[in-house]
Each structure stands twice: as structure tokens, then as C-alpha cells.
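One structure is given below, encoded as C-alpha cells.
Only heavy atoms go into these numbers, but all of them, side chains included; no hydrogens, no water, no symmetry mates. Keep in mind that this is a model prediction, so the values were computed, not measured.
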Amino acid sequence: MTTLLKNIPSLDIDRFVQNLMNAPNRHTITHRNKKMQFHICRLSEIDDASPLDKPHIYDFFTIYFVEAGSLAKINQLESLQLNAKEVFFSKPGEIKTWQKMKGLKGYLLSFTIDYLLMLINDKNIINSFDYLMPDSQRKFALDEANFAYYQNVFNELGKEYAEPKLQSTELIRFWIFVLLIKTNRLHQEQHQLVKPKKLTRSSDVICAKFLKLLDETFTDLAKGTIMKPPRIKEFAELLNVNPTYLGECVRKSSGKSAKSIINRKTLLLAKCQLLHTQNNISEIAYQLGFESPGYFIRFFKKFEELTPLEFRKSMSA
């Protein structure tokens, strides 16, 4: 069902917490005059009547650690069910909605990349975590040993946040990195990877930069802060390489063409616009950089076997 929106609104941690919680906790109140960059709460504290059932573009990372119960939500148009002894990671720029919760126990952790960079000044650090790359697994089932490990880390995070002491902020950042590194190892074990993927080849580095730039671009498109997406040539210019070399690097590193990756992003945003905004087909077509609505309709039908209007009607029925 579409909502009366022209663009999908963004959501920062401050508004996320205000909408999500029954009442802000004491530690949140003491920081209400600052832009929040980190928050942790127990899942049992979340308000069942939270107004986050409409889509928002989150501009921060979230980690869901479920000890008991279940949570259903939509992440990038994909239905997601989280159950006991599972952990899930989401990235900035993703479109999400909440659906329903049942007997939830566990933790919800939110943080910005700037919060982490106060400890380690490396903007590419996130690219070293394989599971945060596009199309990677983000939900992990935990065995007893790993469940106990994650539970201990989240308990420590919650304790430092609720009752801050000397250097609690630094310790919180440390524990977040522990979670990120531990999960990267878990990802490697579950996928039987011999060692972490290191961005040593120039093609890997350029591909990672391209994917990051692509995410940022389509997030801005969804928000309505830019009018049209760059073409491959313009992406290449932004990365200071020629288009042919960019295409070679992306294919060598990801196994996919740059065009197919852009098409997938375009299709995802088109679906989000059709489902969650009041924009007509022409408006969506031009926003996504198509020269005409007819070209957009042919593009959409090629992948979905439905016209955009048929897709919108089928999902709102």
C-alpha cells in the first residue's frame, strides 16, 4: 500500500529512538541536546505501537541480537524473520520497516560510522568486513558457544551505556569492533573461507569504492536530494579512472558487470518508489534517469514480467 510521500524519508538515531521506545531512558535524556551517534536498548523495551511501520532510510548501522522471541521486519523489500539465538546486521542507506514482534528479548544496537572513526581513523574499515558487502549474508544463527559470547558482549555494552564510568565511550567503541570482527570470523567459518578477503588488488579497491559510491548515490536518490543517478562514465570520473577500466575492475572483483549492479539498484529503488510513494510512473522514470516513461516500463517489465503500474496494483491489492 502506497503512502502519501514524494520521497522516502531518512531516519537518524535520535528520531529512531524517539519512535521506537516507550520512553527514553535516563542516559538518553542526558544527551538530548547532542546529535546521537550510539544507542543500545533491550528489545523488550521497544514499543509495540511504534510508528516505524512506514518505510525509512536509516542513516546508521543496526545490530539485532535476539535471545528469545521473534521479530518480523522488511529490509530492502525483503521479508526478514529474526528468531532466538540469531544476530542480524544492517547498513546505512537501507530502506526498512518494522512489522511485528513476539515475546522479544535481546538487544538492539545502533551506531554511526563517525562514532567508530573516533577510535580507528580509517573510513575503509567497514570494507574489510565481508558480511557488510552487497549481497552478503547478514543474519547468523548462533551455536551455544557463540550465543554465550555475543550475550556477554551485549551485556557489557548495555552496562557501560546505562552506567557510564571513566572511558566508557572508548570501551563501547572497542566492544562494537569486537562484535564486527567476531562476526566476520563467523561469516568466514560458515562459508568455509580460508582467510579474510583483503582488498590488496587494485580491482578490489576500486570495486569497493564503486559499491560504496553507488549505495550513497541511490540513498540520495531515494531521499530526493539529487535528481538523477550518475552514469557509469560519471562514476568513473568520480573515482578518477576511465569507464572501461572501472568495468573491468568491477567484473574481476565481483564477477558481475557494473551495469548489472546498477540495474539491480535501479530496480530496487523503482519498487520502493512504486510501493511507498505517490509518485506517478513518469516521475519515477525521470528520477531514476530514464529518458522516457516508455523506456522505464520496458526496463521494469524485462526483470519483473509486469509493468510498473501492474506491480503497484498487485502489491496494494
Side-chain angles (χ1 to χ4, degrees), residues 57 61 74-80 87-96 113 122-141 180-222 229-272 288-290 295-296 298-305:
I57 302 168
F61 292 89
I74 303 293
N75 194 78
Q76 296 287 78
L77 293 184
E78 296 287 337
S79 295
L80 177 68
V87 62
F88 174 75
F89 293 73
S90 69
K91 297 196 311 178
E94 294 181 339
I95 300 170
K96 308 177 185 68
I113 185 63
D122 180 2
K123 290 187 176 181
N124 292 317
I125 187 68
I126 294 301
N127 294 334
S128 67
F129 302 121
D130 295 340
Y131 61 97
L132 293 178
M133 293 293 98
D135 297 330
S136 292
Q137 174 191 353
R138 309 264 196 82
K139 184 174 80 167
F140 300 90
L180 294 174
I181 293 168
K182 177 67 173 178
T183 306
N184 209 33
R185 291 180 178 179
L186 187 62
H187 176 266
Q188 292 155 22
E189 291 168 5
Q190 292 187 359
H191 290 77
Q192 298 181 336
L193 301 177
V194 176
K195 59 182 180 179
K197 177 182 177 181
K198 294 183 179 180
L199 301 182
T200 53
R201 298 183 305 180
S202 60
S203 58
D204 292 334
V205 173
I206 290 172
C207 182
K209 290 180 178 179
F210 166 72
L211 294 175
K212 181 175 182 294
L213 186 58
L214 188 65
D215 279 344
E216 292 171 352
T217 298
F218 275 82
T219 297
D220 289 339
L221 267 178
R231 300 178 184 275
I232 292 178
K233 178 182 178 182
E234 293 163 320
F235 277 116
E237 290 175 354
L238 291 169
L239 295 171
N240 295 315
V241 297
N242 68 58
T244 301
Y245 183 63
L246 173 60
E248 291 172 353
C249 289
V250 172
R251 185 176 290 279
K252 184 176 181 180
S253 181
S254 70
K256 301 172 183 176
S257 70
K259 183 178 180 181
S260 70
I261 294 174
I262 292 173
N263 283 345
R264 185 186 61 207
K265 279 280 189 182
T266 302
L267 184 64
L268 175 63
L269 184 52
K271 289 180 179 180
C272 290
L288 294 176
F290 291 91
Y295 184 32
F296 169 58
R298 290 193 295 274
F299 167 86
F300 193 92
K301 192 170 184 178
K302 175 183 176 181
F303 293 99
E304 291 298 309
E305 299 183 349

Rounded to the nearest 0.5 Å, what separates atom [atom1] in [X] from atom [atom2] in [Y]?
X	Y	atom1	atom2	result
Ile232	Asn242	CD1	CG	12.0 Å
Leu214	Arg264	CG	CZ	8.5 Å
Leu221	Cys272	CG	SG	12.0 Å
Ile261	Arg251	CD1	CZ	9.0 Å
Asn263	Leu267	CG	CG	8.5 Å

Please name all residues satisfying side-chain contact (heavy atoms from CB on, under 4.5 Å) with [X], sequence neighbours left out, ordered by chain then number.
X	answer
Cys207	Leu211, Val250, Ser253, Ser254
Thr266	Phe218, Ile262, Leu288, Phe290, Phe299
Arg298	Tyr295

Results of side chain to side chain donor-acceptor pair (under 3.5 Å) for [X] - residues two or more places apart only:
X	answer
Ser90	Thr62
Lys139	none
Glu216	Lys212
Thr183	Tyr150

Would you mind reporting whether Lys265 and Thr217 have side-chain heavy atoms less than 4.5 Å apart? no
Show every donor-acceptor pair shorter than 3.5 Å between a side-chain atom in residues 233-241 and any protein atom, with sequence neighbours excluded, or say none if there are none.
residue	atom	partner	partner atom	Å
Glu234	OE1	Arg231	N	2.6

Are Lys209 and Ile206 close enough, and set up right, to give a side-chain contact (heavy atoms from CB on, under 4.5 Å), and what steps lead you there? CA-CA 5 Å; Lys209 290 180 178 179; Ile206 290 172; 5.6 Å; no
Which residues share a salt bridge (Lys or Arg N to Asp or Glu O under 4.0 Å) with Glu94, sequence neighbours left out: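 Glu94 satisfies salt bridge (Lys or Arg N to Asp or Glu O under 4.0 Å) with Lys96, Arg138 only.
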